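Heads up, the thing below is written out as structure tokens.
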Amino acid sequence: MNENKYLIISNNESVTKQFISLLAGFTSVEAIKYDDVKSDFDRLAPDVVFLIQSEEDSGIDLIQYMQSINSDHLLIYIAINTEFETLRAATRAGVADFFVIPDELNSLASKLDKIDHLAKEKRASTDEAAATNTKSFKKGRGMIYSFYSGKGGSGRTLVSSTFAQTLKLESTAQVIFIDLNLQFGGSETFLSIESNRSLADLSPVIDELNENHIRNVSEKEKHSKLEVLLSPRDAEVGESVTEDFISTLLRTCRRNYDFVVVDLPVQINEQTYRALEESDRICYVLNLDTPSLQVLRQVELLFNRLGIDAKERMGLVINKVSKDNEIQPGDVKNLTSYPIEVKIKNDSRALQSYVNKGEIVRKEANEKKLPPFAKDIHKWVISKLG
């Protein structure tokens, strides 16, 4: 069984270090501060949370927030005093257990194995319940896949939209595709959708955004029934879509869909930055030529300057692979440390025919006659569904 993911939430550095040391026997341990919970909790999706009370804040509001986002984790409250009202409020808010430090630190240490076992049981129970559901996926812990490339013309929009379509066709998952190319769009062409509605129509309800609001604005691709939030295709309207809007939209989608597939524009602005930060996986679409590799290096430098942690989250989607490429996939391994997610054959002639006719690449599950481009994405998706 996979190891549990542990999260320490603390504003006290010395206590944080103490707990990191305490949890040294576990492989996946993260630590954040109170102010980072709303930005990072969804993405980290922990199995066990240690919330350590601070002198300025009891953390009760954070408990309620985390429970509202996802209640699948095991939440342990670490109090710094024995104030009855605080401990009662924490229990009512949904903590599984509480310990008062430093008096009960040894008691906590002796119960870590039990806590780990309980968290695994809780996860197994949730997975089993999900398996009996027709969705076959666990709601509330959806994965956000963002497709990005620093170079235009890489085929990012076609790859991402076909990836989303294939996910929907080949599984019972709830999938939504979001086009964040706010100025010009593009996905509506590849998905053969005509609509005046766009994600910008969610602006009036963004503060109380829920699944129903999203479904009222999204369009459905007629073959796969993939839900799609289209771009407003308007620079002025696009400017009204703030980074907070993006955060709220992606977090709400994560809670209500199994897969959230995001097509990002080339330019790095506040909206793109926020989407990258919220993503579980960043799929960088790369062509096999020198300019594309040079741009990838520039993107790496920019990510480092902006503090975007892509090391563990980013993989390369090598597109338009052919024998005529000046660089081959094997060469890429020597030029970058990012893993290759998939290699997609160059299929420009067949794909151009689809685009010219206004047809989509995927129409049904288990299609026999798929173009090489779609076959490669199909294999990739099946490996993700595992």
Side-chain angles (χ1 to χ4, degrees), residues 143-171 173 175-181 184-193 221 223-224 226-231 259-266 272 275-276 279-289 291-293 295-296 299 310 313-322 325 327 329 332 336 338-355 359-363 367 370-385:
M143 292 283 290
I144 298 177
Y145 284 83
S146 283
F147 285 74
Y148 178 73
S149 180
K151 190 173 185 299
S154 65
R156 184 195 65 253
T157 300
L158 181 57
V159 170
S160 60
S161 58
T162 307
F163 177 84
Q165 253 190 309
T166 307
L167 273 173
K168 184 61 180 171
L169 284 168
E170 302 298 338
S171 74
V175 186
I176 187 166
F177 178 82
I178 303 175
D179 187 349
L180 284 184
N181 296 281
F184 303 114
S187 64
E188 68 285 343
T189 300
F190 297 121
L191 293 170
S192 192
I193 295 175
E221 190 280 305
H223 295 282
S224 64
L226 169 72
E227 287 191 54
V228 182
L229 280 176
L230 293 169
S231 158
F259 293 99
V260 183
V261 182
V262 185
D263 183 35
L264 294 173
V266 169
T272 306
L276 289 168
S279 303
D280 297 288
R281 292 296 297 168
I282 300 170
C283 301
Y284 188 96
V285 183
L286 177 72
N287 295 159
L288 293 173
D289 54 60
S292 295
L293 285 168
V295 171
L296 173 58
V299 168
R313 294 187 289 140
M314 193 162 92
L316 302 179
V317 176
I318 300 182
N319 195 25
K320 304 178 184 178
V321 176
S322 80
N325 295 136
I327 298 165
V332 175
T336 178
Y338 294 112
I340 296 174
E341 291 266 346
V342 63
K343 292 173 280 190
I344 302 173
K345 295 180 185 68
N346 188 4
D347 197 17
S348 301
R349 187 174 298 177
L351 293 176
Q352 193 61 53
S353 174
Y354 281 96
V355 174
E359 293 182 359
I360 59 173
V361 179
R362 292 297 311 268
K363 294 185 177 68
E367 288 175 89
L370 285 175
F373 168 87
K375 282 183 181 178
D376 291 334
I377 292 182
H378 176 264
K379 290 177 185 175
W380 181 30
V381 167
I382 295 301
S383 72
K384 291 291 182 187
L385 293 171

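Computed from a prediction, not measured in an experiment: that's the story for all the values here.
- Of all heavy-atom pairs spanning Pro371 and Val361, the tightest one is CG-CG1, 4.0 Å.
- Using a 4.5 Å heavy-atom cutoff, the side chains of Val355 and Gln352 are in contact.
- Using a 4.5 Å cut-off on side-chain heavy atoms (C-beta onward), Tyr148 and Leu180 make no contact.
- Taking both residues in full, the closest heavy atoms of Asp179 and Ser187 are given as OD2-OG, 2.8 Å, listed atom of the first, atom of the second, then distance.
- In this structure the side chain of His378 never reaches within 4.5 angstrom of the side chain of Leu169, judged on heavy atoms.
- Not one N or O on the side chain of Tyr354 forms a donor-acceptor pair closer than 3.5 Å with the backbone of Phe190.
- Minimum interatomic distance between Pro372 and Lys345 (heavy atoms only, all atoms of both residues): CB-CD, 4.0 Å.
- With values rounded to the nearest 0.5 angstrom, Ile176 atom CD1 is found 8.0 Å from Leu226 atom CG.
- Arg281 and Gly315 make their closest contact through NH2-N, 3.7 Å (heavy atoms, listed as atom of the first residue, atom of the second, distance).
- Listed for the Ser161 side chain is no donor-acceptor partner under 3.5 Å among the backbone atoms of Leu191.
- The closest side-chain heavy-atom distance from Leu385 to Leu167 is below 4.5 Å.
- Of the inter-residue distances, the one linking Phe373 atom CZ with Asn346 atom CG reads 10.5 Å to the nearest 0.5 angstrom.
- Without hydrogens or angle criteria, Ser149 side chain to Val285 main chain gives a donor-acceptor distance under 3.5 Å.
- Leu276 contributes atom CG, which lies 5.0 Å from atom CD1 of Ile282 (distance to the nearest 0.5 angstrom).
- In this structure, Gln165 contributes its side chain and Phe163 its backbone to no donor-acceptor pair below 3.5 Å.
- Between Arg362 and Ser224, the closest side-chain pair of non-hydrogen atoms is not below 4.5 Å.
- Residue Ile193 holds its CD1 atom at 6.0 Å from CD of Glu221, rounded to the nearest 0.5 Å.
- Contact annotation: the side chain of Ser154 never approaches that of Asn319 to less than 4.5 Å [non-hydrogen atoms, C-beta and beyond].
- To the nearest 0.5 Å, atoms OG1 (Thr336) and CG (Leu316) are separated by 5.5 Å.
- For the pair Glu367 (side chain) and Leu370 (backbone), a donor-acceptor distance under 3.5 Å is absent.
- The 12-atom threshold is not exceeded at NZ of Lys379, counting heavy atoms of other residues, nucleotides or ligands nearer than 6.0 Å.
- The closest side-chain heavy-atom distance from His223 to Glu359 is not below 4.5 Å.
- Closest of all the heavy-atom pairs between Ser292 and Leu286 is O-CD1, 3.7 Å.
- Residues Ile377 and Ile344 meet the side-chain proximity criterion, which asks for heavy atoms closer than 4.5 Å.
- Note on Asp263 versus Arg156: salt bridge recorded, some NZ/NE/NH1/NH2 to OD/OE distance being below 4.0 Å.
- Here the closest heavy-atom approach between residue Leu296 and residue Met314 is recorded as CD1-CE, 4.2 Å.
- Looking only at distances, a side-chain donor or acceptor of Lys168 sits under 3.5 Å from a matching main-chain atom of Ala173.
- Take Lys384 and apply the side chain to side chain donor-acceptor pair (under 3.5 Å) test, not counting sequence neighbours, and it matches Glu341.
- Rounding to the nearest 0.5 Å places CD1 of Ile360 at 9.0 Å from OG1 of Thr162.
- A side-chain donor-acceptor contact under 3.5 Å links Ser160 to the backbone of Thr157.
- In this structure, Asp280 contributes its side chain and Ile144 its backbone to a donor-acceptor pair below 3.5 Å.
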